[in-house]
Undergrad: 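Here's a structure for you.
Every chain is numbered from 1, with letters handed out A, B, ... down the list of sequences. These values consider heavy atoms only, across backbone and side chains, with no hydrogens, waters or symmetry-generated copies. The structure presented is a predicted model; accordingly, all values stated were derived computationally and were not measured.
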2 protein chains.
Amino acid sequence: MTKALDRREKQRADLVLSAERMIATRGLAGLKTRDLAREIGCANGAVYNLVADVDELVLRVGSRTLLRLDDALSAAVRAGNPSPKETLVRIAIAYCDFAAENLQLWRALFEHRMETEKALPDWSVDDQLQLFRHIYQPLAALLPKRDAEELGITARSLFSAVHGMVALGLEQRLVAVPLPALRKEIASLVRAMIDGLVAQAA
Amino acid sequence: MTKALDRREKQRADLVLSAERMIATRGLAGLKTRDLAREIGCANGAVYNLVADVDELVLRVGSRTLLRLDDALSAAVRAGNPSPKETLVRIAIAYCDFAAENLQLWRALFEHRMETEKALPDWSVDDQLQLFRHIYQPLAALLPKRDAEELGITARSLFSAVHGMVALGLEQRLVAVPLPALRKEIASLVRAMIDGLVAQAA
DNA sequence: CAGCAATCTTGAACATCGTTCAAGAAATAT
DNA sequence: ATATTTCTTGAACGATGTTCAAGATTGCTG
């Protein structure tokens, strides 16, 4: 009994890893159930014994990506002991670097939710909310007058603004921005946003 | 001779309009060639006499959306005669409002480019570059020391940041942000960015 | 260990797409 | 009026996500 379930569990893990590799190399659109089945050595129909549908699979891969992103941001904060302002700049740069290094997986995070209207499972929502905590703490130090709710909103806005710069910056279609230039732009605008916010608060 | 070409031209326009309606009501994923053919009264294969593929169709719809967006931003700038700073805030709010009012069509603008790897036709790229000019002028007034290239980069960064706030803010999945609250957040952060940029320049 | 029941796995089949193309219809030229 | 060119049609193709009845496997019991 447990033997069979263990095997299922292991095969499910294989499936998620295969899906992750496939998205990383061919993009979200390149994820095909038949190819996955071949890679993990089962019939294409068997994929649906491990996972309800591809949506769940993409969500599971997304969860892993968010976890690695969280690690990357944590590492950026941990290095050295800079001012709150420079910590926020580091987080922004780390976000940019992570997106650049994990381009397809990072894109899948945002491309996918657009397609489906189904509600996200709780574990997936939790993953996402965790990201803001990196921003919250340094922001609280910079804006001591703001209450928790205001800080939460501002943290989300800051994150969104940086996300936008990274998203459009890495979109090579329009104007190809070299990565170092993008990093500089982001650092500069993050500093401006913080300076502006602090000045407004005074 | 011209008779047939005229009819083609008219049917092509019908096709684009039908596609626009379909994207607006059902989203980009709800765009189906067979439904389009039925709506404009032709065989499904005939769609490919009017347009090379759905990509081109989506791009044509996108061009119309960008044109309307441009109009909306122009109108926002024209109203009253505010300071450069408040002009930039108005542009940001107008962008947010346009996205909210044209949610599916606006999303299609960014969802689509992610899927295809083909190079965009020139007319489509031109449309996009035009948007930055609204931001460029007030920014130049605020940052007289910067040269044209720096201003262009900063204008793009500002646009990207606002885009990010709108994109994640209208994504109802995570935390539902009421539109008025989103508008306030955007106005506040845009003012902060501008204040910060001006202070840095001094 | 044998036999039975429950469960899992399989791969063929289904529905839905975008896209193509040979054949027939229509328009134009002679 | 006829011939030639052009356009239109809708059936067919190849992919793809998903389902499901039938067969294989596993786990339990005497």
Side-chain angles (χ1 to χ4, degrees), chain A residues 1-16 18-23 25-62 104 108 111-118, chain B residues 1-16 18-23 25-62 104 108 111-118:
Chain A
M1 173 60 150
T2 64
K3 200 72 160 295
L5 287 188
D6 276 356
R7 206 179 80 93
R8 255 170 91 94
E9 220 39 65
K10 184 142 179 52
Q11 206 167 26
R12 202 198 317 270
D14 275 1
L15 179 65
V16 174
S18 275
E20 183 172 289
R21 259 198 316 272
M22 208 169 283
I23 293 176
T25 59
R26 317 195 312 206
L28 186 56
L31 188 70
K32 313 284 163 175
T33 57
R34 282 168 177 81
D35 292 342
L36 285 172
R38 193 167 340 106
E39 279 204 20
I40 67 171
C42 73
N44 70 57
V47 169
Y48 295 86
N49 299 333
L50 304 172
V51 123
D53 49 26
V54 282
D55 274 356
E56 185 191 328
L57 189 51
V58 174
L59 249 35
R60 289 191 122 96
V61 172
Q104 304 272 40
E111 281 178 37
H112 181 249
R113 79 184 42 166
M114 296 172 165
E115 294 166 8
T116 169
E117 284 303 319
K118 293 185 277 192
Chain B
M1 175 58 152
T2 66
K3 202 67 161 298
L5 287 189
D6 276 357
R7 207 179 80 92
R8 256 170 91 93
E9 219 42 63
K10 181 139 181 51
Q11 207 167 27
R12 203 200 314 270
D14 276 2
L15 179 66
V16 174
S18 274
E20 183 173 289
R21 261 197 315 272
M22 207 169 282
I23 294 176
T25 60
R26 318 194 313 205
L28 186 56
L31 187 70
K32 313 286 163 173
T33 57
R34 283 169 177 81
D35 293 342
L36 284 172
R38 194 169 339 107
E39 279 203 20
I40 67 171
C42 72
N44 72 55
V47 169
Y48 295 85
N49 298 334
L50 304 171
V51 123
D53 48 27
V54 282
D55 273 357
E56 185 191 329
L57 190 51
V58 175
L59 249 37
R60 289 191 121 96
V61 172
Q104 303 273 41
E111 282 177 40
H112 182 249
R113 77 183 45 168
M114 297 173 165
E115 293 165 9
T116 170
E117 285 303 320
K118 292 185 276 190

Undergrad: Can you give me the closest heavy-atom contact between B:Met22 and B:Lys32, atom names plus distance?
TA: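 Between these two residues, the closest heavy atoms are SD-N, 3.8 Å.
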Undergrad: Using a strict cut-off of less than 4.0 Å between a Lys/Arg side-chain nitrogen and an Asp/Glu carboxylate oxygen, indicate whether A:Arg60 and A:Glu20 qualify as a salt bridge.
TA: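 Looking at A:Glu20 together with A:Arg60, the answer is no, because their closest N to O distance does not fall below 4.0 Å.
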Undergrad: Would you tell me if any nitrogen or oxygen in the side chain of B:Thr33 comes within less than 4.0 Å of OP1 or OP2 on C:dG18?
TA: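 Yes.
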Undergrad: Specify the residue among A:Ala43 and A:Arg34 whose closest nucleotide of DNA chain C lies further upstream toward the 5′ end.
TA: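 Going by which nucleotide is closer to the 5' end, it is A:Ala43.
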Undergrad: How many whole angstroms separate atom CD of A:Gln11 from atom C1' of C:dT9?
TA: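 From A:Gln11 CD to C:dT9 C1': 10 Å.
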Undergrad: Is there a donor-acceptor pair closer than 3.5 Å between any side-chain N or O of B:Arg34 and the backbone N or O of B:Asn44?
TA: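 Flag not set: sc B:Arg34 to bb B:Asn44 has no pair under 3.5 Å.
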Undergrad: Is there a side-chain contact between B:Asp55 and B:His112, using heavy atoms and a 4.5 Å cut-off?
TA: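 Yes; the side chains approach each other to less than 4.5 Å.
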Undergrad: Mind calculating the distance between CZ (A:Arg8) and C1' (C:dT7) to the nearest angstrom?
TA: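 Atom CZ in A:Arg8 sits about 10 Å away from atom C1' in C:dT7.
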Undergrad: For the pair made of CG in A:Leu36 and C1' in C:dT10, what is the distance, rounded to whole Å?
TA: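 Going from A:Leu36 (CG) to C:dT10 (C1'), I get 17 Å.
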Undergrad: In whole angstroms, how far is the C1' atom of D:dT18 from the CD atom of A:Glu56?
TA: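 So the two atoms are 14 Å apart, to the nearest Å.
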Undergrad: Within this structure, what is the NZ-to-P distance between A:Lys32 and D:dG14, rounded to whole angstrom?
TA: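 Answer to the nearest Å: 17 Å.
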Undergrad: Please list, by residue number, the residues of residues 44-51 of chain A whose heavy atoms come closer than 4.0 Å to an atom of DNA chain D; answer none if no residue qualifies.
TA: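 Those residues are A:Asn44, A:Gly45, A:Tyr48.
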Undergrad: Can you check the A:Ile40 CD1 to C:dT9 C1' distance for me, whole Å?
TA: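 Rounded to the whole Å, the gap is 12 Å.
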Undergrad: Could you tell me the separation between the CZ atom of B:Arg38 and the C1' atom of D:dT9, rounded to a whole number of Å?
TA: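 Rounded to the whole Å, the gap is 16 Å.
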Undergrad: For a quick check of understanding: with a heavy-atom distance under 4.0 Å over all strands, which category does A:Leu57 fall into, base, sugar-phosphate or nothing?
TA: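 The answer is nothing, as A:Leu57 stays clear of every strand by at least 4.0 Å.
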Undergrad: I need the CG-P distance between B:Asp53 and D:dA15, as an integer number of Å.
TA: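 Interatomic distance, CG of B:Asp53 to P of D:dA15: 18 Å.
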Undergrad: Which atom names give the shortest non-hydrogen contact between A:Asp53 and A:Tyr48, and what distance separates them?
TA: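 That would be CA-CE2, 4.0 Å.
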Undergrad: Any heavy-atom pair between the side chains of B:Leu36 and B:Leu57 that's under 4.5 Å?
TA: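 In short, these two side chains touch, coming nearer than 4.5 Å.
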Undergrad: Is the closest side-chain heavy-atom distance between B:Gln11 and B:Arg8 below 4.5 Å?
TA: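 Answer no - side chains too far apart.
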Undergrad: Can you give me the bend angle of the helix from C:dC1-D:dG30 to C:dT30-D:dA1? Use the axis through the first five pairs and the one through the last five, nearest 10 degrees.
TA: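 Overall, the helix from C:dC1-D:dG30 to C:dT30-D:dA1 bends by 10° from one end axis to the other.
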Undergrad: Is B:Val16 close to B:Leu50 at the side-chain level, that is, under 4.5 Å between some pair of heavy atoms?
TA: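 The answer is no, as the side chains (C-beta and beyond) never meet within the 4.5 Å cut-off.
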Undergrad: Return the set of residues passing side-chain hydrogen bond (donor to acceptor under 3.5 Å, both in side chains) with B:Asp35 (not counting sequence neighbours), or none when no residue passes.
TA: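 For B:Asp35 the side-chain hydrogen bond (donor to acceptor under 3.5 Å, both in side chains) partners, ignoring immediate neighbours, are B:Arg26, B:Arg38.
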